[in-house]
Amino acid sequence: MNLNIARLIQGTGSTIALVTLTSCAFTPPSDTATVSKTPPESVDSASSPDATASADSVATPQGVQKTTVIEGLDHPWGMAWLPDGAILITERSGQLRIARDGVLDPTPIAGVPEVFAVKQGGLMDVSLHPRFSENSWVYLTYSHGTRQANHTRVARAKFDGNALSDLEVIFQVSQLKSGGQHFGSRIVWLPDDTLLIAIGDGGNPPVQLDGDLIRKQAQNRRSHLGKIIRLNDDGTIPNDNPFVESPDADPAIWSYGHRNIQGLTFDSQTRRIWSTEHGARGGDELNLVEAGENYGWPLVTHSREYSGGIISDQQSRPGMVEPKLVWTPAIAPSGLVIYDSDRVPQWQGDLFAGGLVSRDVRHIELDESGNVVNETSIDIGQRVRDVRQSPDGLLYILTDEANGQLIRIETQRQ
């Protein structure tokens, strides 16, 4: 392995910091690795097209091919495949688009709810009910409200191939906030047809709620902010959620102590749930998410304030889950997928994470215990917003640009 490590710092617990790398491949010696590769996430990474990767970004690995399938998307955010092979794609400004056979329909799909499309807010994720062929339900996450009072919503609607109908809001964050930051919000389905939704912490300082920094809501178990929530498909609360019987917690909460998750995926083989989470200045995280656990933000973090000040002097604490991987400086991680197709056997069980600031896709290899053993970069050259595996076993990404693209990633070794 060709690593040029300028300095190796032993951190607290099992954390190791690799300060300078000339290759993106590495083997961490413990459960948690900290990797320096790219400049910090901007204060508003979702709407800062000028953020670029640093000079030590590596080239696309040999044998990987990139094919642009669709162009002309307006800052696309999420995508989902229909049973007939067509793709639904959200645009942050509020449009739901459909592409058939590689051709983008010029007319947006009717029936989409009104969204608050400012900065990081807008129309975000899209997902089909696992039994879509039977019930036609499409699920959307989006920001709703005004600059002074807004929150994340989850809605579902029937889709007949042309338009949405019977729209109903099945969940909304209980606290209203100001500004246009940190909404989340990926959707992941579990085998029991319940869904997980990531909700951001509400924003950076000086944004406040109830007289204190809003990010502290991530530790408030009565608040939806800074959480992953779990719902039944109709928005009701599953009776086996971890805090259903806790008087000091909202029953929808699945896990807490998160900053702003924009990558979330379920591994059907290992039954593990993975997330990627934005830090502030550095401290982006890859987490193995478990029910009822506290992931620490902002009490423990590898991040610093955008001004350079300290958020917390602790990077770990008993009772709080440590990340499996930390990126400092930040890559601004977005979409995340676990690869489970036999189309590319050597990728099976690996994670693929998009990077907004790093403008790449990180290929993350795991061992059987879920520890990171290797990481390589697939250079895209554009802000990567989402990464998904198609029904035919190929990887597709969306680029967060004014002329956003849908790009297919393949390998010659498949």
Side-chain angles (χ1 to χ4, degrees), residues 18 20-26 35-79 89-92 119-120 124 186 260-263 276-286 303 306 325-337 339 350-364 374-388 394-411:
L18 302 184
T20 303
L21 308 180
T22 58
S23 169
C24 204
F26 72 101
V35 185
S36 295
K37 296 189 183 109
T38 58
E41 174 200 7
S42 64
V43 173
D44 184 4
S45 68
S47 58
S48 298
D50 293 333
T52 58
S54 61
D56 64 348
S57 294
V58 301
T60 300
Q62 185 177 3
V64 174
Q65 297 177 321
K66 298 174 292 182
T67 303
T68 300
V69 179
I70 292 171
E71 296 182 303
L73 295 162
D74 180 13
H75 294 282
W77 214 96
M79 55 182 154
I89 301 173
T90 57
E91 295 177 320
R92 198 171 70 239
K119 292 188 177 181
Q120 296 173 359
M124 293 177 286
R186 293 291 175 192
N260 193 26
I261 292 174
Q262 292 189 1
T276 48
E277 179 170 337
H278 286 243
R281 184 167 183 164
D284 293 345
E285 297 179 359
L286 170 70
S303 291
Y306 288 109
L325 181 64
V326 173
W327 290 283
T328 295
I331 69 168
S334 193
L336 179 70
V337 69
Y339 190 84
D350 295 350
L351 290 166
F352 290 83
L356 291 161
V357 169
S358 57
R359 298 179 179 238
D360 65 357
V361 173
R362 298 298 168 96
H363 177 189
I364 302 167
N374 198 47
E375 180 187 16
T376 53
S377 170
I378 302 172
D379 180 52
I380 303 300
Q382 301 179 64
R383 292 162 54 85
V384 177
R385 173 60 69 184
D386 199 9
V387 184
R388 301 287 173 106
L394 298 177
L395 285 180
Y396 285 78
I397 67 169
L398 291 173
T399 64
D400 179 34
E401 308 284 345
N403 179 25
Q405 298 180 351
L406 175 69
I407 297 173
R408 182 172 64 244
I409 299 176
E410 303 173 77
T411 175

Just how far is it from atom [atom1] of [X] to atom [atom2] of [Y], taken to the nearest 0.5 Å?
X    : Y    : atom1 : atom2 : value
R388 : L394 : CZ    : CG    : 15.5 Å
R362 : D284 : CZ    : CG    : 9.5 Å
Q65  : I407 : CD    : CD1   : 13.5 Å
W327 : H278 : CH2   : NE2   : 10.0 Å
L406 : T67  : CG    : OG1   : 10.5 Å
W77  : Q262 : CH2   : CD    : 4.5 Å

Any side-chain heavy-atom pair of [X] and [Y] under 4.5 Å:
X    : Y    : answer
N403 : E71  : yes
R186 : S334 : yes
V64  : H363 : no
L286 : T276 : yes
I397 : K66  : no

- Message: Taking G282's backbone N and O only, do any of them form a donor-acceptor pair with S303's side chain (distance below 3.5 Å, no angle check)?
- Response: yes
- Query: Out of I364, I378, V384, L336, which one pairs with F352 under the side-chain contact (heavy atoms from CB on, under 4.5 Å) rule?
  - Reply: I378
Looking only at heavy atoms, what is the nearest atom pair of [X] and [Y], with distance?
X    : Y    : answer
P76  : I89  : CB-CG2, 3.8 Å
S377 : D360 : OG-OD2, 2.6 Å
T68  : Q405 : OG1-OE1, 3.5 Å

- Message: Evaluate L73 against E91 for side chain to side chain contact (heavy atoms under 4.5 Å, CB included), listing each step before the verdict.
- Response: CA-CA 7 Å; L73 295 162; E91 295 177 320; 3.8 Å; yes
- Item | From CA spacing to verdict: side chain to side chain contact (heavy atoms under 4.5 Å, CB included), E401, R385 | CA-CA 9 Å; E401 308 284 345; R385 173 60 69 184; over 6 Å; no
- Please step through side chain to side chain contact (heavy atoms under 4.5 Å, CB included) for the pair I331 and V357, ending with a clear verdict. CA-CA 5 Å; I331 69 168; V357 169; 5.8 Å; no
